[in-house]
Novice: 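I am attaching a structure below and will ask some questions about it afterwards.
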Amino acid sequence: MAGDLPSNGLISRNEPIAIVGAGPAGLACAILLARAGRKVVVREWHKTVGSRFHGDYQGLENWSGKRDVLDELNEAGIQTSFSAHPVFQGTAYDYRGKDYPIIGDRPLYYLVQRGGQKDSLEQGLLDQAVSVGVDIRFGERATSIEGPAVSAIGPRSADAIAAGYIFETDQADSNHIVFDNKLAPHGYAYLLVHNGRGTLASCMFSGFKNQAVHVARSVKFFEEKTGLKMNSPRAFGGFGNFRIPNTAMQGGHPLIGEQAGFQDMLAGFGMRYALRSGILAAQSLIDGTDYTRLWRAQLLPLLKIGISNRFLYNAAGDRGARLALRNISHSNASARLHRLYQPSLLTKIIFPLARRQFRRPLHDPSCDHIACQCVWCEHGVGHAD
C-alpha cells in the first residue's frame, strides 16, 4: 500500500479513506469515520463478513477495563447491534477434573456469535456500517492503495489455535473451561452452550500436530463431566497471533486488530483489543493525532501484562493453574480477573525476561507443515490475506 497522511496529520474530509479488511477492527474503524462525516471504502476479499468463523460462540471479555465493554463501545459510537449475552458465572476445572464455581458481580464476558449469520458480531457491525454510509466492497483485493488507509487483514501467523465442534444440544445454558495440558497444551478447553446451540473447543498454544487427539480428549472430558450430547456436530477451527509491534504502522498506515498483533497473550481474547484498536485508528484519522502514541497509551500496558502473565502461566503449569482456580473460586471473580490485568510489581519485574523469551512469535515446532493437519496448516497457511 502506498500514500501517507499530509504533514499536518489531517486529511481532507472529501478524501476517501480505505480500510482493508471487514473484521471487527476494520468495521469499528469504518463506522466511526463515517459517523464523523468521512467517506469510507472497506475492501474485503472474501464474499461476506466473518468468513474465518462458523457460527461458533466466543467471549467478549469484560475484565481488562474498569468499565463495562458494551458501555465503552457505545460511548465511542459503536452500537450493540449484535447479540451479546452477559455471563456472570461458569464452572472451571483443573487437571485433576476438580470443579470450581466462578462467579462475578458483573458480566465476566459477553457471549457473542462469530460469522456472517444474523445477530453475529460481524453481521451486526456490517449492518451498522452500511446504515451510516460506509461503502463495502466484497470480493475485492487491495494490492495497492493511494491516499489514507487502515489495514485490518487479520492474523499472519498462528501462535495459538482453537479446534472443536459447533452443535445443537438439549443441554441447559452453561459455561465451562478446563485447564489441563493433556486436553489443551499451555491453553484451555471450553464448552459454551446457549439457546440450544453449543461450541466445544481445545485452545492450544503448542502441540498443534496432535490437534485431533486434544479435541477428542476435550469432548470425552465434557461428556463425562456435564453429560453433554452433541447433535449434528460440525468441526471448526481458528487461529491467532500475538506480538507487540514497534509502531503498528506500515507505509504510513495504521495496522489494527490481529494484523498488528493486538491480542491477550495469556488467554487469547482479542475481540476487545481489535475493537479498541479500530476506534483508536479512527480517532487518529479524525483528529490528526499520532496513532502509535494512542495505542501505546491505551493498549501497550495490557499487552505487556499479557506477556508477563503468559510467562508466569507457562512456568506454573497445571499445578499453578489449580492454585489460581482455587483462589478465584473463593472470591469475586470479576474483581480478581480485573486485578490480574493491572500493572503489578511482579509483572513489571517479569516483563523484560518474558519479552526476551517471546521476542519471536510462539510458533509451535510441531506444526512443521509436513503431514500436519492442524487448522493452521489446513486453512491458515497462504489463506490469511
Side-chain angles (χ1 to χ4, degrees), residues 1 3 5 9-53 60 69-70 72-82 112 114-116 120-142 144-154 248-260 262 270-289 291 294-295 298-299 385:
M1 295 187 295
L5 296 179
L10 293 172
I11 61 174
S12 168
R13 295 182 67 88
N14 295 322
E15 187 173 9
I17 300 173
I19 296 179
V20 184
L27 290 173
C29 185
I31 290 167
L32 297 189
L33 287 170
R35 288 192 186 281
R38 301 310 200 263
K39 295 181 179 180
V40 186
V41 177
V42 175
R43 295 180 176 177
E44 169 59 56
W45 77 276
H46 291 99
K47 295 181 179 179
T48 185
V49 291
S51 58
R52 285 176 52 206
F53 303 96
L60 177 58
V69 61
L70 299 188
E72 182 181 297
L73 293 176
N74 288 329
E75 183 177 291
I78 307 295
Q79 299 172 358
T80 310
S81 53
F82 49 88
V112 299
R114 304 299 304 274
S120 70
L121 174 65
E122 286 82 359
Q123 188 61 48
L125 292 174
L126 174 63
D127 292 343
Q128 193 174 156
V130 171
S131 72
V132 295
V134 176
D135 181 5
I136 310 286
R137 302 178 183 179
F138 290 110
E140 185 173 310
R141 284 185 179 271
S144 64
I145 294 178
E146 299 296 331
V150 176
S151 190
I153 60 177
M249 298 288 290
Q250 182 175 306
H253 307 303
L255 305 180
I256 59 178
E258 283 193 84
Q259 186 181 2
F262 294 149
M271 284 182 285
R272 190 170 189 174
Y273 291 64
L275 292 164
R276 280 173 168 170
S277 65
I279 292 168
L280 295 177
Q283 180 183 337
S284 72
L285 291 170
I286 294 168
D287 300 336
T289 51
Y291 173 64
L294 288 175
W295 76 256
Q298 298 193 37
L299 295 179
D385 291 341

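Treat the numbers as computed from the prediction; the structure is a model and nothing was measured. Sequence positions, counted from 1, serve as the residue numbers for this chain.
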Novice: Report the residues that fulfil side chain to side chain donor-acceptor pair (under 3.5 Å) with Thr48, sequence neighbours left out, ordered by chain and then residue number.
Specialist: none
Novice: Please report the C-alpha distance between Leu285 and Arg38 in whole Å, then the side-chain angles of each, then the deciding distance to 0.1 Å, and finally whether the side chain to side chain contact (heavy atoms under 4.5 Å, CB included) criterion is met.
Specialist: CA-CA 10 Å; Leu285 291 170; Arg38 301 310 200 263; over 6 Å; no
Novice: Name the residue from Ser277, Pro254, Ser284 that meets the side chain to side chain contact (heavy atoms under 4.5 Å, CB included) definition with Leu294.
Specialist: Ser284
Novice: Run the side-chain donor-acceptor check on residues 16-35: report pairs under 3.5 Å with partners two or more places apart or on a different chain.
Specialist:
unit_1 : atom_1 : unit_2 : atom_2 : d
Arg35  : NE     : Gly77  : O      : 2.9
Arg35  : NH2    : Gln128 : OE1    : 3.4

Novice: Check the pair Lys39 / Glu15 against salt bridge (charged side-chain N to carboxylate O under 4.0 Å, His left out), numbers first and verdict last.
Specialist: CA-CA 7 Å; Lys39 295 181 179 180; Glu15 187 173 9; over 6 Å; no
Novice: Within this structure, what is the CG-CD1 distance for the pair Leu280 and Ile256, rounded to the nearest 0.5 Å?
Specialist: 9.5 Å
Novice: Quick one: salt bridge (charged side-chain N to carboxylate O under 4.0 Å, His left out) partners of Arg272, sequence neighbours excluded?
Specialist: Glu61, Glu72
Novice: For residues Phe82 and Gly124, report the shortest heavy-atom separation together with the two atoms involved.
Specialist: CB-CA, 4.3 Å
Novice: Just so I know, are the side chains of Glu44 and Ile136 near enough to count as touching, which here means a heavy-atom distance under 4.5 Å?
Specialist: no
Novice: Show the nearest heavy-atom pair for residues Leu121 and Met271, with the distance to one decimal.
Specialist: CD2-SD, 3.6 Å
Novice: Gln259 side chain to Ile153 main-chain N or O, any donor-acceptor pair under 3.5 Å?
Specialist: yes
Novice: Quick one: CG on Leu60 to CG on Leu73, what's the gap to the nearest 0.5 Å?
Specialist: 6.5 Å
Novice: Quick one: NZ on Lys47 to CZ on Phe138, what's the gap to the nearest 0.5 Å?
Specialist: 12.5 Å
Novice: What closest approach, in Å, do Leu255 and Tyr291 show between heavy atoms, and which atom pair accounts for it?
Specialist: O-OH, 2.8 Å
Novice: What is the distance from atom CD of Glu122 to atom CG of Asp127, rounded to the nearest 0.5 Å?
Specialist: 11.5 Å
Novice: To check you understand the geometry: which heavy-atom pair defines the closest contact between Ser51 and His46, and what is its length?
Specialist: OG-CG, 3.0 Å
